[in-house]
Each structure stands twice: as structure tokens, then as C-alpha cells.
Amino acid sequence: METNLSEILKELGNLEEVTTADQKLFEDNPNETKEDVVKISMNSTINDNDSKEFVLDPEFLQQELDQDLSDEEGEIQLVIQKARDSISRSSQSPQKSTSVTPVKDQEEVDIISDTEDNEEYQKVSKFLKEKKQYEENIHQQYTANLEVHEDWNDETVDYHLEHSDLPDSNLEKWKRDFRWNQDIIDTNKKVFKNDSFLPCQKEIINATKARRDVIGLIPTGGGKSLTFQLPGLTEKGFTIVVMPLLSLIEDQMQAMKKIGVKCFFFSGSKGHQKFLKDLGSNNLGDQKLIYITPEKLVNCFELLDTLDHLYMQRLIQRFVIDEAHCVVQWGNDFRRDYLGLKKIRRRFEEVPILALTAVATKKVSDEIIEQLNMSANTVKIKSSSNRPNLYYEVKHVKCCKDIIKDILKLLNSKFKDQSGIIYCATRKECDELAVKLYQEHKVACAPYHSNMSEKDRKSVQSMWMEDEIKVIVATIAFGMGINKNNVRFVIHYKLPKSLENYMQECGRAGRDQKPAHCMLYYSYSDRRKQECHMAKTSNDDFRETNLKSLYSIVNYCEEPYLCRRKMQLQHLGEKFKKKDCQNTCDNCQRVSKSGGRIVEEDYTQEAKTIAYFVSRCSQNGRHCQWTVIQLAEALTGRPCKKINKFCDLKRDFYGRLKSLDQHMVRRICLRLVGLGILKEQMVKLDYSHLSSGVATYIFPNNDANFKRITNHKHKVFMTNIFIDPNNKPKPKAVIKELPKMKAKPKPAAKNKKRESQKLSKDADERRKAKFDKDISSIKKREKKDFDKNRVPSSDEQEFSEDCFEVGKVGGLKTEERRQAVNQKNSDEESKSENGKNMSSGLLNGSEVENFRQEDSDDDYCLDI
Ligand SMILES: Nc1ncnc2c1ncn2[C@@H]1O[C@H](COP(=O)(O)OP(=O)(O)OP(=O)(O)O)[C@@H](O)[C@H]1O
């Protein structure tokens with residue numbers, strides 16, 4: 001090894017060999033920064049056999065540079081400059097060397113094997129074998145980790161990187177011990193009193209200290225703050241932390257004050273002239289963390305000028321964008337300055353960005369990277385978003401009838417004297433509920449929303465934090481960053497805006513890792529409130545995105561069987577095995593209690609009927625737009641005023657899916673929306689008895705998708721529950737640490753009741769057999785009537801006849817479930833006041849009208 005470059009690089013570490021190609025890269029790029037040169041070098045392949053002499057170990061060089069970049073900028077600049085000088089000198093008299101270290105991929109090996117002698121080839125093969133083995137090991141480790149229920153106390157941090165779930169061996173290096181390892185361990189212990197790191201904390205710290213752009217996805221309560229606080233305290237320059245809410249900043253400042261760390265909140269008020277002066281002259285002593293809102297960072301030119309000055313001296317360590325999902329969620333909406341953060345990257349090009357969030361889908365995290373102008377090779381570190389200690393439950397409002405009563409029952413039993421949050425959709429609702437709970441039911445609670453004065457909000461928050469009041473009734477203005485350990489329940493009185501929002505809001509619970517309960521009260525009509533709010537957004541794309549987000553939570557609530565935890569995690573692109581839920585969600589517990597198992601059943605024919613119905617409606621013009629609820633009413637043959645206006649629709653579709661309940665029809669509709677076959681759109685109403693003046697209607701999405709289902713190319717499967725009559729139910733639920741109820745002695749009355757139930761069971765069975773017989777004769781008659789009256793439209797000609805045959809739809813497998821549903825429908829109907837038996841055939845117009853008046857509520861109780 002004779003070149004000066006190699007000697008200098010040797011000083012950096014174990015770089016024994018250098019190619020002339022690499023030398024050329026350095027020569028060709030004299031103005032490149034060290035990182036860029038390394039990048040170019042890493043991308044270079046040995047494609048010139050004649051000039052190939054040495055090969056850089058790019059990983060090593062990158063690592064070394066990363067390490068050195070952190071706090072020895074001047075020194076490494078000098079070394080690189082020296083390297084450049086040497087290259088330019090050596091390039092005038094290039095010299096050859098013989099040894100080769102293989103790098104990267106197979107392509108390179110082929111070239112080497114073609115040109116080098118056998119011994120070298122062996123060396124290369126051996127190296128590649130080892131490399132492959134290493135990568136396989138890592139792959140196994142990752143995939144194993146993905147399947148394992150994450151244990152947060154486990155030091156062997158299991159996390160997966162990137163949403164694709166594929167291992168990226170290059171990222172493995174962030175787990176290693178870097179030069180600053182001891183420093184961060186010591187500071188973590190001494191300042192933050194932590195003995196170890198939580199999952200992914202160390203990786204994020206390493207990557208950001210190595211001056212890489214990083215996006216960190218850590219679940220709620222997973223310790224995101226430490227990933228910027230700790231590096232900030234161990235470095236020379238300043239860390240600028242952008243947070244969305246003043247309350248969040250204040251909480252952080254307080255928390256830091258408690259542990260004796262000084263930091264500064266730049267709010268841009270008059271007294272900050274002195275701060276800017278001190279900041280500019282690096283005269284702030286121990287204050288290394290500067291908190292700020294996006295608005296101030298983007299718009300305060302005095303601050304930006306001061307930061308320019310610091311930048312020249314390399315005293316800005318990083319920009320941290322905490323709660324980075326706000327960039328996407330709010331940047332397009334009412335916080336436009338979030339989009340202005342793009343400018344920060346342009347202005348302070350070399351300062352790394354650390355974006356942190358708890359819940360983001362792959363799409364959102366990609367958008368964050370794009371909106372913040374983060375580099376293409378941003379390090380993505382994602383730990384599992386699972387919160388194993390949270391129990392998830394959705395209660396359908398129709399089932400519990402009176403939500404307030406239900407909440408009170410919980411507050412007086414399961415959540416007695418426990419700290420919790422009740423989330424409302426509006427400020428008015430929040431006030432009303434808090435007053436009702438406090439005045440009428442003596443619940444120690446208080447409201448919290450943005451319409452309250454700052455003083456009131458602060459006092460409510462501190463009373464709650466100090467456990468003076470147990471329950472806080474809040475809008476989403478309360479939540480982000482709230483770090484109270486002992487929150488045992490989070491109740492959603494109304495539907496959240498999206499599944500991500502729901503996860504974020506639930507994230508306030510159980511931060512002490514002990515069990516906590518998340519209850520969501522769901523009613524399909526709640527959705528309207530959210531839609532009205534969304535309708536105010538002028539940006540069409542954004543409105544559609546919001547609608548899709550809303551769809552994610554509606555779909556989540558409507559699902560009666562699938563594991564809630566799995567649905568949440570899948571939504572964020574994470575794999576999760578249902579069995580790892582351990583019955584800590586209502587769906588898993590219900591399925592487990594029933595002793596049945598979840599099956600997927602073919603509902604393609606029903607889906608086709610829905611698709612045809614929607615398609616036909618859209619052909620009828622603007623006046624024939626249907627909401628999902630109206631559609632479900634019409635197709636299941638429930639009272640529906642609208643259908644009377646359209647004779648052709650009534651003739652061809654009314655009651656077509658009578659064998660299903662409305663809940664299932666709605667679920668299929670939502671599935672078709674998810675598959676891109678149908679779409680929901682908000683439409684402004686010309687005339688409106690609704691205060692909002694908007695309604696969400698369902699339309700065909702595009703022809704190609706529509707054809708996929710009508711041509712039998714697309715199958716629609718829906719989950720259902722299959723109960724094997726021979727299997728006894730296993731009401732087993734493994735909920736960690738939930739208080740055990742003492743078994744009460746059975747009262748005599750109860751035993752009596754059971755006996756009488758037993759006796760009536762036999763009678764029930766006899767009635768059921770008779771009912772089944774009746775129903776099959778009704779079905780035959782229905783079909784006959786239907787076929788007689790119906791003139792199929794041209795678009796339905798290709799539609800196989802059997803899809804209209806009630807009871808046969810979906811194949812033999814579904815016959816049993818249909819009978820069960822028919823029985824349920826019939827039970828419901830026989831209960832109704834006028835005693836009309838709907839299953840005896842289609843209703844005529846006046847019957848429908850009577851029914852509509854008496855039973856206008858939609859029914860979406862679960863069938864289980
Ligand atoms: N390494 C650690 N060891 C033990 N506790 C830790 C560690 N890191 C953070 N914590 C604690 O975890 C709790 C949550 O941390 P933090 O507030 O940073 O979470 P977060 O990720 O910002 O949550 P959210 O997004 O919900 O606001 C805090 O009480 C913090 O002290």
C-alpha cells in the first residue's frame with residue numbers, strides 16, 4: 001500500500017485497500033462533503049478491470065465517518081482535506097497494488113472471479129458466504145422477533161425496521177456500541193435515572209448522533225423524548241425541538257426542570273431579545289435544548305438569522321420534529337406552517353432532522369419524509385406499536401342503549417376511584433357530559449377543551465395530574481404528550497377521527513405498563529359529526545384523505561370478530577399474530593367465549609348485488625344518491641322511504657339481501673369501498689334539513705374495479721363465526737393482572753331461573769324446527785313472486801341468476817347462517833308493535849311507510 005490516501009485512510013481504521021476508481025471519485029468530487037464522497041464511494045462498483053486495485057470497505061468508512069462527524073467536525077474535515085490533497089498528489093503518479101477486499105454484491109464478484117487468480121476467488125467466495133450467513137441470521141432474528149409478543153422489559157430489544165417487515169442489515173449497525181456509548185449510558189443513568197434503554201431508543205440515538213436523518217416510530221409512552229433529550233445533553237451545540245402544542249412544551253420543560261436540566265422555550269415574546277443575543281454568542285451555559293412551535297421557527301426571522309450564525313459555527317446539532325404526524329395531519333389543514341418546515345432543511349442543509357411519532361402508517365411516514373425534505377436515505381426505526389397492557393373494547397350504542405348509564409356503571413364498578421379520560425367529539429358535548437356527571441351523579445370530574453381559558457385548563461390538568469379529580473372529560477385538545485402514569489381507562493364517548501387518532505388517544509392509558517381499559521362507544525350515525533367537520537376543509541384531496549381515515553375507524557368498529565389489536569397494528573403495516581392478543585380485546589374474548597372459531601365466508605354474490613344497486617343508482621342521476629345506511633335498509637327490506645321514489649329500484653332490489661342483517665350489508669359496503677369498487681363521497685346538499693348541509697353518499701369507484709367483481713374476478717370474503725355444536729364454549733380470558741372477582745354464592749332465585757331456562761330450551765328447539773320449515777316455504781314463495789315480477793336490466797344479464805335466489809346466495813356453506821339471521825330478523829319483527837311478519841314477503845308501499853314511522857332507527861347491534 002503506497003498511496004498517501006491509503007495511509008490516511010488507514011489512520012481512520014482498517015482500510016487496507018483502495019481502488020483507483022475510489023481515488024478517482026475523490027478527485028472528481030473535490031467539492032463534495034465527506035458524506036457525499038462516502039456515498040459515491042459506497043455506490044461505486046468495480047467496473048473497470050484495468051484500473052481496479054483496491055476496494056474501500058464502505059460500511060466501515062461510513063461508520064467511521066459517522067462517528068467522527070458527531071463531535072469532531074473540525075478534525076475529520078482536516079483528515080478528509082488531507083485525503084483530498086493526497087489523492088490529487090497521488091493521481092499524478094498512480095501506483096498499483098495487488099490485494100483485494102471484496103464488497104457488496106454478486107455482480108462485483110463475477111468481475112473479480114473473471115480477472116483474479118483462484119486464491120483470490122476463494123477468498124471472495126468465503127467472504128460472501130460469511131456475509132450471506134450473517135444476513136440470514138439477521139433475517140431470522142428479525143422475522144422471529146416479529147412473531148414474538150414484544151416484552152418491553154427485555155433488554156434484547158425486539159423491533160422491526162421499516163414497514164415492509166423486511167430486515168435491513170445495514171440498519172443493524174445502529175444497535176451496536178458506538179464511541180459515545182459509555183457517555184449516553186452514563187447520562188441516561190445520572191440525569192434521567194434510567195438503568196437501560198427502552199426498545200429502539202438506543203438505535204435512534206446512535207443514528208441521530210451519527211448525523212443521519214432519522215424517522216423514529218415508537219409507540220405511545222415508549223420514550224420518544226429521551227431520544228432527543230439525551231443526545232442534546234451530550235453534545236456541544238443546540239438541539240431545536242419543534243412541538244405542536246404549548247401545553248406539550250410546558251410539560252416537557254417541567255419534566256426537565258424536575259430532573260435538574262435547563263432548557264429554553266422560545267415563544268418569540270419581547271424578552272427574547274436577550275436570549276437571541278446569548279444564543280448567537282453561544283452564551284447560554286447549560287441550556288442546550290430549545291423548544292419551539294412550528295409557527296415561530298418558520299416565521300421568526302430574527303431567530304432564523306441567529307440560527308444562521310450558529311449554523312456557520314456548526315453549533316446546531318439537529319432539528320427534532322416531535323409528533324411528526326402533525327406535519328401531514330395538520331400541515332394541510334389549519335397549521336400551514338408545518339409545511340413551511342421544508343424551508344428549514346433548505347436553509348440548514350447539513351443539520352440532521354429527527355422526526356418522531358407514535359402512530360403513522362407507511363403512507364404517513366413517507367409523507368413526513370417528503371414534507372420535511374428529509375434525505376432519501378433517512379434511517380427508519382420502528383418499534384412495535386403494540387401496547388400489550390391495553391384492553392380494547394368497542395360497544396355499539398344501540399346495544400347499551402344509554403351511554404351515560406353505562407359509563408356510570410363502569411365508573412362505579414370496574415373503574416371505581418381510578419384515573420381516566422373520557423373523550424368527546426365537541427366542546428359542547430364535553431361541557432354537557434362533565435356537568436351531567438358531576439352535578440347529577442357526583443363524579444369527581446372536570447371538562448377540558450380549547451374554549452376554556454388557559455388558566456382553567458391548567459388548573460383542571462394539574463388537579464387531574466395530582467389525582468384531586470379522577471376523571472377528565474376532554475376533547476382531543478387534551479392528550480398528546482400527557483404523561484400520567486396511572487391512567488387506568490380511556491373512554492371514547494364518540495367516534496375518533498381515525499384509527500391512528502384512536503391509538504394515539506388510547507396511548508394515554510397504562511403508561512406504567514399495568515393493565516388499562518380502552519372503551520369506544522360506537523354508533524354509525526356518529527360518523528356524520530366527523531364528516532361535517534371534514535366538510536369544512538376546502539382542499540378536496542385532503543377531504544378525501546380524511547374520509548379514508550374515518551373509514552379506517554368505522555371499519556374497525558364494525559368488525560365483530562377480528563382481533564382489534566391485530567387490526568390496529570395491521571393498519572400501521574405491522575404483523576401481529578392473533579394468539580398474542582391473549583384475549584385482551586373484546587372480539588377475541590367474545591370468539592373465545594363462544595367456543596367458535598372465525599371463518600371467512602364468501603359474500604361475493606351479495607357484494608355484487610350491492611355493487612349493481614349502487615351502479616344503477618348512479619345511472620339515475622344526482623337525485624338518486626344513497627348513504628350506506630339507506631342502502632342497507634333498502635336491500636335488507638327494512639322500512640325505507642327513499643326506495644318508494646324509485647319504482648325500478650324497488651322492483652329489482654328491495655329486500656334482495658333480506659337474508660342478511662343491516663350490519664353485515666354495511667360491512668360489505670365498507671369492504672367494497674376498501675377494495676376500490678365503490679367510493680364514498682361527501683356531497684353538499686342544495687336543500688338541507690341538516691345543519692351541516694353535507695351527506696356522504698356511496699358511488700361506483702371506477703369501471704375497471706367494478707368489472708372485476710361483476711366478472712367473478714374478485715371474491716369478497718367476510719369474517720363470520722363458526723360454532724361447532726359439539727364443542728363446549730371455553731370462556732377463558734387471559735387479561736394480565738386484572739383484579740380477580742370473587743365467586744359469589746349462587747342465589748337460590750338464580751338457580752330457579754336457570755332451571756326454567758333449561759326447560760324452555762327444549763320448547764325453543766321445537767319452535768326453531770317449525771320456524772325453519774316455515775321459512776323454507778316462505779323463501780320458495782318469495783322467489784316465485786320475485787321471478788314473476790322482475791325484469792332484469794341489461795347490465796344484470798351477465799349476472800348469474802342464482803345470485804338473486806334468497807338463501808342460496810353465497811353457496812351451501814352459508815345456508816345455516818342465513819337461517820340463523822332469518823330467525824333473528826323474524827324474532828325482531830315479531831317483537832315490533834304492529835306485529836307484521838316481514839319474512840312473509842315483501843312489504844307494499846303503505847306497509848313500508850307504517851314501518852318506517854314506527855321503526856326508523858337503524859339497527860346495528862352485533863348478532864352475537
Ligand atoms: N429508558 C427508559 N427507561 C425507563 N423509563 C423510560 C425510559 N425512557 C423513557 N422512560 C419513561 O417513559 C415514559 C414515557 O416517555 P415519553 O413521555 O418520552 O413517551 P412518548 O414516547 O413521548 O409518549 P407519547 O407519544 O405518548 O407522548 C416517561 O415517564 C419516561 O420517563
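A quick note: this is a predicted structure, and the numbers were derived from the prediction, not measured. Note that ligands are numbered from 1 as they come in the structure, with each ligand's atoms numbered from 1 the same way.
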Donor-acceptor pairs under 3.5 angstrom involving side-chain atoms of residues 252-263: please list them, not counting sequence neighbours.
{"unit_1": "Gln252", "atom_1": "OE1", "unit_2": "Gln229", "atom_2": "NE2", "d": "3.0"}
{"unit_1": "Gln252", "atom_1": "OE1", "unit_2": "Tyr291", "atom_2": "OH", "d": "2.7"}
{"unit_1": "Gln252", "atom_1": "NE2", "unit_2": "Ser225", "atom_2": "OG", "d": "2.9"}

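Looking at Glu203 and Phe197, their side chains never come closer than 4.5 Å, going by heavy atoms from C-beta outward.
Sorted by first and then second residue, the ring-ring contact (aromatic ring centres under 6.0 Å, His included) pairs with a member in residues 458-479 read Tyr448-Phe478, Trp464-Phe478; sequence neighbours excluded.
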Pairs of nitrogen or oxygen atoms, one from ligand 1 and one from the protein, closer than 3.5 Å: please tabulate them with distances.
{"unit_1": "ligand 1", "atom_1": "1 (N)", "unit_2": "Ser196", "atom_2": "O", "d": "2.8"}
{"unit_1": "ligand 1", "atom_1": "1 (N)", "unit_2": "Gln201", "atom_2": "OE1", "d": "2.9"}
{"unit_1": "ligand 1", "atom_1": "3 (N)", "unit_2": "Asn194", "atom_2": "OD1", "d": "3.4"}
{"unit_1": "ligand 1", "atom_1": "8 (N)", "unit_2": "Gln201", "atom_2": "NE2", "d": "2.9"}
{"unit_1": "ligand 1", "atom_1": "17 (O)", "unit_2": "Arg511", "atom_2": "NH2", "d": "3.4"}
{"unit_1": "ligand 1", "atom_1": "18 (O)", "unit_2": "Lys224", "atom_2": "N", "d": "3.4"}
{"unit_1": "ligand 1", "atom_1": "18 (O)", "unit_2": "Ser225", "atom_2": "N", "d": "3.1"}
{"unit_1": "ligand 1", "atom_1": "18 (O)", "unit_2": "Ser225", "atom_2": "OG", "d": "2.8"}
{"unit_1": "ligand 1", "atom_1": "19 (O)", "unit_2": "Gly223", "atom_2": "N", "d": "3.3"}
{"unit_1": "ligand 1", "atom_1": "21 (O)", "unit_2": "Gly222", "atom_2": "N", "d": "3.4"}
{"unit_1": "ligand 1", "atom_1": "21 (O)", "unit_2": "Gly223", "atom_2": "N", "d": "3.1"}
{"unit_1": "ligand 1", "atom_1": "21 (O)", "unit_2": "Lys224", "atom_2": "N", "d": "2.9"}
{"unit_1": "ligand 1", "atom_1": "21 (O)", "unit_2": "Lys224", "atom_2": "NZ", "d": "2.8"}
{"unit_1": "ligand 1", "atom_1": "23 (O)", "unit_2": "Gly221", "atom_2": "N", "d": "2.8"}
{"unit_1": "ligand 1", "atom_1": "23 (O)", "unit_2": "Arg511", "atom_2": "NH2", "d": "3.0"}
{"unit_1": "ligand 1", "atom_1": "25 (O)", "unit_2": "Lys224", "atom_2": "NZ", "d": "2.8"}
{"unit_1": "ligand 1", "atom_1": "26 (O)", "unit_2": "Gly221", "atom_2": "N", "d": "3.1"}
{"unit_1": "ligand 1", "atom_1": "26 (O)", "unit_2": "Arg508", "atom_2": "NH1", "d": "3.1"}
{"unit_1": "ligand 1", "atom_1": "26 (O)", "unit_2": "Arg508", "atom_2": "NH2", "d": "3.1"}
{"unit_1": "ligand 1", "atom_1": "26 (O)", "unit_2": "Arg511", "atom_2": "NH1", "d": "2.6"}
{"unit_1": "ligand 1", "atom_1": "26 (O)", "unit_2": "Arg511", "atom_2": "NH2", "d": "3.3"}
{"unit_1": "ligand 1", "atom_1": "29 (O)", "unit_2": "Asn483", "atom_2": "ND2", "d": "3.1"}

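Rounded to the nearest 0.5 angstrom, Cys557 SG and Lys395 NZ are separated by 14.0 Å.
For the pair Arg488 and Phe415, the cation-pi criterion (under 6.0 Å, within 45° of the ring axis) is not fulfilled.
Looking at residues two or more places apart in sequence or on another chain, you find no side chain to side chain donor-acceptor pair (under 3.5 Å) involving Asn485.
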